[in-house]
2 protein chains.
Amino acid sequence: MNERMTQAEAYLERCHKEIDQALDHFMSHSTTSERLRDTMRYSVLGGGKRVRPALCLAAAKAMGVNEKTALAPACALELIHAYSLVHDDLPAMDDDDLRRGRPTAHIAFDEASAILAGDALQSLAFSLLSEAPDLTDRQRVVMVSELARASGHEGMVGGQAIDLESVGQQLNVEQLETMHRHKTGALIEASVRLGALTAENVTERQLSDLSDYASALGLAFQVQDDLLDIEGDTQTIGKRQGSDAAKEKPTYPALLGIDGARQHLTRLLNDALNAIEGFGSEADTLRAMADYVVARSH
Amino acid sequence: MNERMTQAEAYLERCHKEIDQALDHFMSHSTTSERLRDTMRYSVLGGGKRVRPALCLAAAKAMGVNEKTALAPACALELIHAYSLVHDDLPAMDDDDLRRGRPTAHIAFDEASAILAGDALQSLAFSLLSEAPDLTDRQRVVMVSELARASGHEGMVGGQAIDLESVGQQLNVEQLETMHRHKTGALIEASVRLGALTAENVTERQLSDLSDYASALGLAFQVQDDLLDIEGDTQTIGKRQGSDAAKEKPTYPALLGIDGARQHLTRLLNDALNAIEGFGSEADTLRAMADYVVARSH
């Protein structure tokens, strides 16, 4: 496990550089509003672990495809993720002033700029995807369709709506899982699927196995997030420690206890690894990523 | 002109029904959050003239394509337009409480729901477009690319950013035009282009002529909007009369005088009609729409 963990961290670091270079390039446009461009760049380039793009690249690798082919889809996924954070942090939503160790976009700039930057980042994601090089039009169309569904009311935004409605409510584990499957799970699943779809010959069975992997991984990611919110400190996790509890947000440790949450995390890790048993060593990066998600400290 | 005006109004009415039926269908999804779905439906189905979808259908018609082929792209355009209105009305943006004669979305629901509904409507637009029936994958990809660029920082959102920055500023006509070309012009141009792109054999020349038509029409639409803001009454225009002036927003009448603005409107109408001179009677609906935009009272 330790070796795979180091492997994952090295992989993430390498991806981080490649992705940030590409994102920087896609957002270095001259523009009519400098403030809009600055807010967009601040929101995307400031930090973050780039887990979604890394999963996308790793899934392409698992299918034997050159990672470069997955670069534009990987950037599109990060842009969607970044826009969702900017909007979630708004005063009318989660009202957070700290993210990735820095002031949130609406604090560093202003609320209107944050709303507009989020909107523009979403458009840019679909722009990138529709113009992604080295793919067929069929692949581009399927990716746009999958990303749009994973982002919208059936996916991420739907999950954020449930999340807001459930503040102060007593949720059971099933309801909590439904919320997370939408809010973060849908985009993590899309990350792996878009990566796999860079292979024209990907089979339904492979897509389904990779979706199962991503689905378990997405939940594991969330359980670990909840545990870090209790156990981590503000400096390491980059947002206020204990902020979930302070907002009366339902969490896995609150429902299962800390030990119960840890056991759940281990089960999910095993589910993720079992789902991709059929893949050979080309999927080792995906395996390392699963270990990383469970063991990460921020 | 009167006959063409009647023709345009009849066309808009017919389009309105078809578009609303289709939008209703696309948004009748079962969902995890009823409040999100209700806010989305309220924001889209409540009213509005459906000018963008009508232009999209009319452009398809001008290319000899069955209007039904343009129905999904037309709906995608209206979803983008509707999301932009919901976000523009937010307290941190234009802070409007009345739209299309009804409370704005964040008043009828709440701010968080309005932000999320807007986000989900944008995703839904790209979802619809990527899955539009009766088109080739090439057509879908080109349309996603054009709509994404017209909506984002290079287009509509960029224009809204300039608009916010120019409140209380002295703009000249050129700067005002740049703002409008982005804020409303880009999407109106995309409406006509997406309609034309339903024809696989559309030529670069035809696209360019139709873009010129749409570009002039988009500006004309804005000049007439500014005039209505001064001359119309709140009940007819569905938002507070004089609200632009109250917010110190730059307008054509403020820069050119009312007569000057009317003359500018006539020039733009002629530009629009001249641009599509090369088309035969199949473009008569586009011509009627141009007359309508100039003569409309709301």
Side-chain angles (χ1 to χ4, degrees), chain A residues 29 31-33 35-37 40 80 83-84 87 90-93 106 110-131 136-138 140-162 164-165 178-179 182, chain B residues 27 29 31-33 35-37 40 80 83-84 87 90-93 106 110-131 136-138 140-145 147-162 164-165 178-179 182:
Chain A
H29 49 275
T31 181
T32 36
S33 165
R35 193 172 180 83
L36 175 62
R37 186 195 50 199
M40 290 171 72
I80 294 286
Y83 114 68
S84 78
H87 281 190
L90 287 167
M93 307 267 277
H106 67 275
D110 58 86
E111 244 185 280
S113 298
I115 295 169
L116 290 176
D119 290 343
L121 290 173
Q122 179 172 184
S123 309
L124 185 58
F126 291 108
S127 177
L128 279 192
L129 205 47
S130 64
E131 297 166 17
T136 65
D137 284 332
R138 178 91 287 253
R140 293 185 187 107
V141 161
V142 170
M143 287 186 190
V144 168
S145 165
E146 294 224 355
L147 184 61
R149 284 179 180 270
S151 311
H153 64 87
E154 300 168 271
M156 186 181 75
V157 174
Q160 174 67 1
I162 310 175
L164 287 173
E165 285 164 21
T178 299
M179 188 264 281
H182 287 82
Chain B
M27 291 194 304
H29 51 273
T31 180
T32 35
S33 165
R35 193 172 181 81
L36 174 63
R37 186 195 49 200
M40 289 169 74
I80 294 286
Y83 115 67
S84 78
H87 282 189
L90 287 167
M93 306 266 278
H106 66 274
D110 58 86
E111 243 186 280
S113 298
I115 295 169
L116 290 176
D119 290 343
L121 289 173
Q122 180 172 187
S123 309
L124 186 58
F126 291 108
S127 177
L128 279 192
L129 205 47
S130 64
E131 297 165 17
T136 65
D137 283 332
R138 179 90 286 250
R140 293 186 186 107
V141 161
V142 171
M143 287 186 190
V144 169
S145 164
L147 184 61
R149 284 179 180 270
S151 310
H153 64 88
E154 299 169 272
M156 187 182 74
V157 174
Q160 174 68 3
I162 310 174
L164 287 173
E165 286 164 20
T178 299
M179 189 264 279
H182 287 82

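In the text below, chain A, chain B and the rest are named by the order of the sequence lines, each starting its count at 1. None of the values given here were measured: they were computed from a predicted structure. Just the heavy atoms: all of them, side chains too, but no hydrogens, waters or symmetry mates, feed the values below.
Most heavy-atom pairs under 4.5 Å with chain B: of the set A:Val144, A:Asp137, A:Val142, this distinction falls to A:Asp137. Comparing B:Pro91, B:Ala161, B:Gly159 by heavy-atom pairs within less than 4.5 Å of chain A, the highest count is held by B:Ala161. In terms of heavy-atom pairs under 4.5 Å with chain B, the best-connected choice from A:Ile80, A:Leu90, A:Ile162 is A:Ile162. Comparing A:Leu147, A:Leu116, A:Leu36 by how many heavy-atom pairs each has under 4.5 Å with chain B, the most go to A:Leu116. Per-residue heavy-atom pair counts under 4.5 Å with chain B were compared for A:Glu111, A:Met156, A:Glu146, A:Arg149, and the maximum is reached by A:Arg149. Among the candidates A:Ser145, A:Ser127, A:Gly155, the residue making the largest number of heavy-atom pairs closer than 4.5 Å to chain B is A:Ser145. Chain B forms the most heavy-atom pairs under 4.5 Å with one residue out of A:Val157, A:Thr136, A:Thr178, and that residue is A:Val157.
The one candidate from A:Gln122, A:His153, A:Glu154 that meets the side-chain hydrogen bond (donor to acceptor under 3.5 Å, both in side chains) condition with B:Ser123 is A:Gln122.
One finds the CG atom of A:Leu164 at 9.5 Å from the CD1 atom of B:Ile115 (value rounded to the nearest 0.5 Å). Remark: A:Ser151 OG to A:Tyr83 OH distance equals 6.5 Å, nearest 0.5 Å.
Looking at residues two or more places apart in sequence or on another chain, you find no ring pair (Phe, Tyr, Trp, His ring centres under 6.0 Å) involving B:His106. By the ring pair (Phe, Tyr, Trp, His ring centres under 6.0 Å) test, A:His182 is found to be paired with no residue, residues two or more places apart in sequence or in another chain being considered.
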**Request:** Evaluate side-chain hydrogen bond (donor to acceptor under 3.5 Å, both in side chains) for B:Arg140 paired with B:Ser130, printing each intermediate quantity in order.
**Result:** CA-CA 6 Å; B:Arg140 293 186 186 107; B:Ser130 64; over 6 Å; no

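Between B:His87 and A:His87, the two ring planes are perpendicular [angle over 60°; tilted spans 30° to 60°].
Heavy atoms closer than 4.5 Å to chain B are found in the side chain of A:Leu124, but not in its backbone. Only the side chain of A:Glu165 comes within less than 4.5 Å of a heavy atom in chain B; its backbone stays farther off. Using a 4.5 Å cut-off between heavy atoms, A:Met40 contacts chain B through its side chain alone, with no backbone atom that close.
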